[in-house]
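Each remark here refers to the structure printed beneath this line.
Side chains are part of it too, since the values below use all heavy atoms of this structure and drop only hydrogens, waters and symmetry mates. Counting convention: from 1, in listed order, for ligands and their atoms alike.
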Amino acid sequence: MKIGFIGCGNMGEAILKGLLESNVVDASQIFVHTKTEQRREALKKRYQINIENSNHLVAAQADILFLATKPDRYEQVIQEIKDVLDQSKTVISITPSFTLKTLGALVDHKTNVIRTIPNTPSLVGLGMTGISHEETVDKKTLNLIIELFSSFGEVMIVSEDKLPILSSLSGSSPAFSYLFMKAFVDYGLANGFTLEESVKLISTSVVGASQMVSTQNFPIETLINNVCSKGGSTIEGVNSLQENHLENLVKEALDKTTKRFLEMMKEKN
Ligand SMILES: NC(=O)C1=CN([C@@H]2O[C@H](COP(=O)(O)OP(=O)(O)OC[C@H]3O[C@@H](n4cnc5c(N)ncnc54)[C@H](O)[C@@H]3O)[C@@H](O)[C@H]2O)C=CC1
Ligand SMILES: O=C(O)[C@@H]1CCC=N1
């Protein structure tokens, strides 16, 4: 099996590294073309993968092809590679903008198309990928795609109409978590902790909290209450966040994120 990357920036590299570290493929099976020579050389040096001089050369060799450019380049790169696409290959979209129907039309229905929304924690094997596909995709191909994405994280198959919300909840949410965590790090720095210490304190606690949410059979409210000792310190902070309408702020941010996803789809379909 050969895996191709058309474009390889933040998300492409996260998938590429996730795949390599999981050992489901080795570097000799990966073929990449991305726009700048500097980036191609950096990726070659970092991962010893095959670097090609064009998107066409990547597509000609790959069985599974990740379209990992920004959405404004999708139409152009599909044009570049279309003549080498056939039923033996699978094209994977990772972008909000294109529906399965539009992607199918762009590739002249010559090849399987899968629509995904991954996230950058794939880089460290803790990705979360939403996958939508046409019913016509054969089971063997679908299982292979699920296996690839599962090698660096979790996978959720959803109907296409659910992808905009899924993208806010898992594709974009790492950015929101980082923003929240940055405020903690800044607080540590302002109060006598080093950067390293502050990062360790908050990142370890967030990983722990995350494991509690996913493994303990409690409602999240119970987990919050379990930290807030009566008359203690935490409840003061929780009350302050609630008085400042944290939940409304988050809802508004998610609504805006989802709205933009839908606009991006409207622009391209
Ligand atoms: N960054 C993220 O957290 C997530 C990104 N995505 C999607 O992933 C896609 C890529 O996003 P990022 O990696 O963040 O962007 P990026 O800008 O880091 O990477 C895109 C790469 O494509 C290259 N490129 C541009 N034109 C090209 C062309 N004609 N041929 C070959 N390579 C070309 C660029 O030089 C760059 O290296 C987007 O469509 C985005 O919607 C999806 C989920 C999460
Ligand atoms: O910001 C974006 O458009 C992409 C989709 C999910 C995360 N990044």
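Atoms of ligand 1 lying under 4.0 Å from any heavy atom of Val77, numbered from 1 in the order shown and given with element: 28 (C), 29 (N), 30 (N). Atom numbering of ligand 1 starts at 1 in the shown order; those under 4.0 Å from a heavy atom of Ala68 are 10 (C), 20 (C), 21 (C), 22 (O). Close contacts of ligand 1 with Pro96, meaning ligand atoms under 4.0 Å from a residue heavy atom, involve 41 (O). Ligand 1 places these atoms under 4.0 Å from at least one heavy atom of Pro118: 42 (C), 43 (C), 44 (C).
Considering only non-hydrogen protein atoms, atom 15 (O) of ligand 1 sits nearest to Lys70 NZ, 3.2 Å. Given atom 23 (C) of ligand 1, the protein heavy atom at minimum distance is Thr34 OG1, 3.4 Å. Nearest protein heavy-atom contact of atom 8 (O) of ligand 1 is Ile94 CD1, 3.2 Å. For atom 26 (N) of ligand 1, the closest heavy atom belonging to the protein is Arg73 NH1, 3.0 Å. The nearest heavy-atom contact from the protein to atom 39 (O) of ligand 1 is Thr95 OG1, 2.7 Å. Thr69 O, 3.5 Å is the protein heavy atom nearest to atom 38 (C) of ligand 1. For atom 13 (O) of ligand 1, the closest heavy atom belonging to the protein is Met11 N, 2.7 Å.
Note that the OG atom of Ser122 and the CE atom of Met128 stand 9.5 Å from one another [nearest 0.5 Å].
Atom CZ of Phe193 sits in a sparse spot, with 12 or fewer heavy atoms from other residues, nucleotides or ligands closer than 6.0 Å.
Evaluated for a side chain to side chain contact (heavy atoms under 4.5 Å, CB included) with Ser150, the options Val24, Val155, Ile145, Thr129 yield exactly one hit, Val155.
Looking at ligand 1, you won't find any N or O of Thr120 less than 3.5 Å from one of its N or O atoms. Annotation: Asn119 places no N or O atom under 3.5 Å from an N or O atom of ligand 1; distance criterion only. Considering both main-chain and side-chain atoms, Asn10 comes within under 3.5 Å of ligand 1 through a nitrogen or oxygen pair. Checked against a 3.5 angstrom limit, the closest N/O atoms of His33 and ligand 1 fall outside it. Considering backbone and side-chain atoms together, Thr36 places no N or O closer than 3.5 Å to any N or O of ligand 1. The distance criterion of under 3.5 Å between nitrogen or oxygen atoms is met by Asn55 with respect to ligand 1. Any N or O atom pair closer than 3.5 Å counts here, and Gly171 shares no such pair with ligand 1. No N or O atom of Tyr74 sits closer than 3.5 Å to an N or O atom of ligand 1.
Residue contacts with ligand 1 for Lys35 involve both N, CA, C or O and side-chain atoms from C-beta outward (heavy atoms, distance under 4.0 Å). Residue Ala175 does not touch ligand 1, judged by heavy-atom distances below 4.0 Å. Here Gln76 has side-chain heavy atoms under 4.0 Å from ligand 1, and that is the only part of it that gets that close.
Salt bridge annotation for Glu75-Lys268: present, with a cationic side-chain nitrogen under 4.0 angstrom from a carboxylate oxygen. Salt bridge status for Lys259 with Glu263: present, with a side-chain N to carboxylate O gap under 4.0 Å. Residues Lys200 and Glu196 are not paired through a salt bridge, judged by the lack of any N-O separation under 4.0 Å between the basic side chain and the carboxylate.
Legend: ring pair (Phe, Tyr, Trp, His ring centres under 6.0 Å) pairs involving residues 94-152, not counting sequence neighbours, sorted by first then second residue: Phe66-Phe149, Tyr74-Phe98, Phe149-Phe152. Counting only residues at least two apart or in different chains, side-chain hydrogen bond (donor to acceptor under 3.5 Å, both in side chains) contacts with residues 33-44 comprise Glu13-Arg39.
A donor-acceptor contact shorter than 3.5 Å links the side chain of Ser132 to the backbone of Val158. No donor-acceptor pair under 3.5 Å is formed between the side chain of Ser173 and the backbone N or O of Phe176. When atom types are taken as modelled, the side chain of Asp63 and the backbone of Lys2 share a donor-acceptor pair closer than 3.5 angstrom. When atom types are taken as modelled, the side chain of Ser240 and the backbone of Glu236 share no donor-acceptor pair closer than 3.5 angstrom.
A donor and an acceptor atom, one from each side chain of Gln61 and Glu52, are located under 3.5 Å apart. Checked by atom type, the side-chain pair Thr258/Asp255 shows no donor-acceptor distance below 3.5 Å. Between the side chains of Thr257 and Ser168, no donor-acceptor pair of N or O atoms lies under 3.5 Å. No hydrogens or angles considered: nothing links the side chains of Ser170 and Asn119 as a donor-acceptor pair under 3.5 Å.
As a member of the Ile/Leu/Val/Met/Phe/Trp/Tyr network built from side-chain separations under 4.5 Å, Met181 groups with Phe180, Phe184, Val185, Leu189, Leu195, Val199, Ile202, Val206.
A heavy-atom cutoff of 4.0 Å around ligand 2 is satisfied by the protein residues Pro96, Ser167, Gly171, Ser172.
Residue nearest to atom 19 (O) of ligand 1, selected from Pro71, Gly9, Ser172: Gly9 (by heavy-atom distance).
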